[in-house]
Amino acid sequence: MAAILAPDYGQLACRALVGKKVAFYADHDTRISSVLYEDPFFKPAFSPELLRHVDFLAAGCAISPGWLGRQTKWPAVGLTDEILHAELRRLSPSEVVHIPLCLSHLPASAPRQLAPPGVTSVLPARSLEAVSEARITVIIPTAFRGAYLSTLLESLHRTTKAYRDLLDVVIITCDPPGNGEDALRNSPLSYRLLHHDHDFNYAVVNNVAARQSDSEILIFLNDDIEFHDQYWLPDMLGLLQLPRAGAVGALLLYPDETIQHAGCLIGMNGGVGHIGVGLPKDTSVGQGVVTAQREVSAVTGACMAIRREVFVTAGLFDENFPLSFNDVALCLALRDMGYTNYITTRSRITHHEARSRGYDDTSRKYQINREHFLHARTCYPGLREIDPYYNPNLELSQPYMGFAPLSHAQMTFAFRARTSGCLVLIAQRSDYDPTVFPVVDSLARAAAAGSIRVLVAGEHETRFSQRCRTVAPTNMVGSADLAAMRSALLDAHESTLILDLRLLEVMEGIPPSLPLLGLAVQDGKTFLVDLFGRRIAQHEARGHVSTDIADLIERAGYSSQEKA
C-alpha cells in the first residue's frame, strides 16, 4: 500500500525474527506531508481472528525467510496476497512479535479501515451458518421483574428456529415457587424452571443450573437481553469451533442502539470495563477494531457461550463474587489455561442493562462492588496485567478514544540493541532478615566475573547495603532511589534484567515489552519468575532451592548469552 518504513525497520525486524519467531509488525500512521503524520493505528498483540476482518498488517510486516522456505503447499500460480494472508492467520501469537511504535507510514490516500486482501470492506463477522449437532443449554437467572423475561423468551423463539430441537432452556430463580410464574404461562418456548432457595448469587445460580445439564454447550443470558436477528447463535457456535476457544461473548447495544459492551478491557480506569460504551453501533473508532469479530481478554456473562467441558475445566464461575467480576474471573482463568476468548459483533442484541438488579447507584453498592474488585485483584493476577488485545499507547479511561505516544526514553529502549550482560535490581532487606546474604554472596561472585551488574534500592545505608559493599566489587554495586531505578531499567543495555519482586512499583511507566525476570527470596530459597508486562507468573524453575543466581538463570533457560 505504498507504505514508507522507518529507517531502522529492517534492523528491528532482524532482531525480532530470532528463534521460533515467524513474523514481525509494528503500529503505523498516515503521512500527510513530509513533516506531518496523523491517524495512528495502535494495534493489539497478534490476533488471528481480528486479522480476518481488519488487516492490521497492511502497512507492512516482516516474515522469516526460513518459514517461507518451509511452505511447500503454495500453488503453481505463486504466492498471492490472499494465500499469504491466510497462512499468516494460522500462526500462533507466540510466533509473532509486535512493537508498539509507529514504524511505517501509509499515504493519505489509503483507506482508514483496512480490509483483508480479496475483501472489499471490513466485515463485522464471517458467515458461519452451519447448524451445530451439539445440544445447547440456555441458562437464564431471573427475579421475574417486569416483562423483559417474556421479551427474551419470545426473541429466543423467533431467532433460533434452526436450532429448536437442540435447545434446552433452563430458567432459575431464587423467588419462592409460584412467585412471578404467570409471566411464563404463554412462553413460546418449552423450558425447565429451577428454584434455588437461597439469597441471589449470580455465580451460584448459574453453576447450579449448569450442573443440572448434560449439554455440550452452555449459553448464559441475563433476563434483560433481547435478540433481533438469527445471526447471534450460529456466529457464537462458529467461534466455539475454533481450536482452544474459551468463552464467546457478543456485541451488546443499549435500547438507543449505542454500544453497551464490545468486549472487556483489562486495566480500564485501574480495573476492568466495557469497550465502546456509548459509541454508535457502526462506529469506525479504532480503525474498525471495536466492531470487528475478534479476540478479547474477557466478555460479559450477560450473553456468553462456552463448551461445557471447558467451563468445568476452568472451575465454573467463582462463587466468591455474587454479582460482578465472576464472568471476568472465568475468562482470565481460561486465558491462563491457554484458551482464547472471543466476541462476535454481527448480530443486533439489546441489553436493557441493570433492569434486573438495578444500577450500582448507592454508597453501599459502590462499597460492595469495590470490595469485590479488590478481592478479584488479589485472586486473579491477570487483573493487574496489561491487556494484550489493547495497546500501551492508548488511554485506559476511554478505550480507543485517546492516546499518549511512548516517551522518548521508551522509544530509545525499543530501538537499542541488547548486550549479553545481566542487570540485577534488588531491594534492601531489613536488618533482621539474614536469609538473603547467601544470595548477596552469589551476586558478588557473578559481579566480580563481569557478567552481572547489581543495583541496590535505597539511599540510606543498612546492614544489607553494607554487606553488598563488603563482598561485591565497589564499581559493580550502587544505591539508588525508585526514580533512579526506573531510569536504570530504561537505560539498561543488558539482555537479561532481574527485578526483586518487592520493587514492582518501579515498573510504572516502563514499556510492557521490557524483558524482565522476577527475583523472589523467601526462607533462604531463591526463585525466578517471568514478568510479562506487570503480570507475575511462576516460572518452571518453581520450587528450585538455590542461592546461586548464575545457576538459577541457567536452569530457568535464560543464559547470559541469550535474550530474556
Side-chain angles (χ1 to χ4, degrees), residues 1-6 8-18 20-31 37 39-71 74 78-126 242 284-296 340 342 388-394 400 403 414 513:
M1 299 190 66
I4 300 173
L5 302 181
D8 294 320
Y9 193 97
Q11 179 186 2
L12 287 169
C14 288
R15 276 176 43 194
L17 297 179
V18 296
K20 297 182 179 180
K21 301 301 182 182
V22 170
F24 159 83
Y25 70 100
D27 300 338
H28 74 259
D29 54 22
T30 301
R31 186 175 187 266
Y37 304 86
D39 200 21
F41 187 177
F42 294 124
K43 308 168 187 178
F46 186 68
S47 307
E49 184 61 29
L50 175 62
L51 192 58
R52 289 181 178 274
H53 313 291
V54 178
D55 188 5
F56 54 83
L57 303 181
C61 65
I63 301 171
S64 164
W67 176 80
L68 279 176
R70 291 191 297 271
Q71 306 308 309
W74 305 129
L79 181 59
T80 65
D81 286 347
E82 290 84 353
I83 294 173
L84 178 58
H85 207 267
E87 291 302 320
L88 289 174
R89 293 198 301 267
R90 298 178 186 272
L91 296 176
S92 68
S94 63
E95 296 176 296
V96 183
V97 179
H98 169 234
I99 289 184
L101 296 173
C102 288
L103 300 181
S104 60
H105 317 287
L106 287 181
S109 58
R112 190 171 188 274
Q113 290 188 267
L114 301 170
V119 177
T120 57
S121 64
V122 178
L123 299 179
R126 56 183 174 176
L242 296 178
S284 61
V285 166
Q287 277 79 8
V289 171
V290 171
T291 54
Q293 182 165 290
R294 67 194 189 281
E295 298 87 343
V296 290
T340 302
Y342 297 93
Y389 301 114
Y390 203 50
N391 187 295
N393 289 289
L394 292 167
Y400 296 100
F403 59 89
S513 56

Whether the side chain of [X] engages the backbone of [Y] through a donor-acceptor N/O pair (distance < 3.5 Å, no angle test) should be reported.
X	Y	value
Q11	D8	no
K43	N391	no
R112	S284	yes
E295	L50	yes
S64	L17	no
K21	S94	yes

Report the distance from atom [atom1] of [X] to atom [atom2] of [Y], rounding to the nearest 0.5 Å.
X	Y	atom1	atom2	result
L84	C61	CG	SG	7.0 Å
L5	L12	CG	CG	11.0 Å
L106	D29	CG	CG	8.0 Å
L57	D81	CG	CG	11.5 Å
L51	H85	CG	NE2	4.0 Å
E49	Y342	CD	OH	6.5 Å

Margin query: Going by side-chain contact (heavy atoms from CB on, under 4.5 Å), F24 matches just one of I63, V96, I99. Which one?
Written below: I99
Notebook entry, point to check: Checking ring pair (Phe, Tyr, Trp, His ring centres under 6.0 Å) against Y25, which of F56, Y9, F41 comes through?
Noted result: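 Exactly one pass, corresponding to F56.
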Checklist line | Ring centres under 6.0 angstrom apart (Y400, Y390) | finding: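 Centroid distance Y400-Y390: below 6.0 Å, so yes.
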Looking only at non-hydrogen atoms, find the nearest pair between [X] and [Y] and report the distance.
X	Y	result
A3	A59	CB-O, 3.5 Å
V54	A292	CG2-CB, 3.9 Å
C102	P40	SG-CB, 4.1 Å
A115	D55	O-CB, 3.7 Å
P44	S47	CG-OG, 4.0 Å
F42	D27	CD2-OD2, 3.3 Å

Margin query: Using side chain to side chain contact (heavy atoms under 4.5 Å, CB included), reason through Q287 and L114 one step at a time and then give a plain yes or no.
Written below: CA-CA 8 Å; Q287 277 79 8; L114 301 170; over 6 Å; no
Notebook entry, point to check: Between Y389 and T340, is a side chain to side chain contact (heavy atoms under 4.5 Å, CB included) present by the stated rule, with each step listed?
Noted result: CA-CA 11 Å; Y389 301 114; T340 302; 4.1 Å; yes
Check: Listed by chain and number, what are the salt bridge (charged side-chain N to carboxylate O under 4.0 Å, His left out) partners of R89, not counting sequence neighbours?
Finding: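 In terms of salt bridge (charged side-chain N to carboxylate O under 4.0 Å, His left out), with neighbours along the sequence ignored, R89 is linked to no residue.
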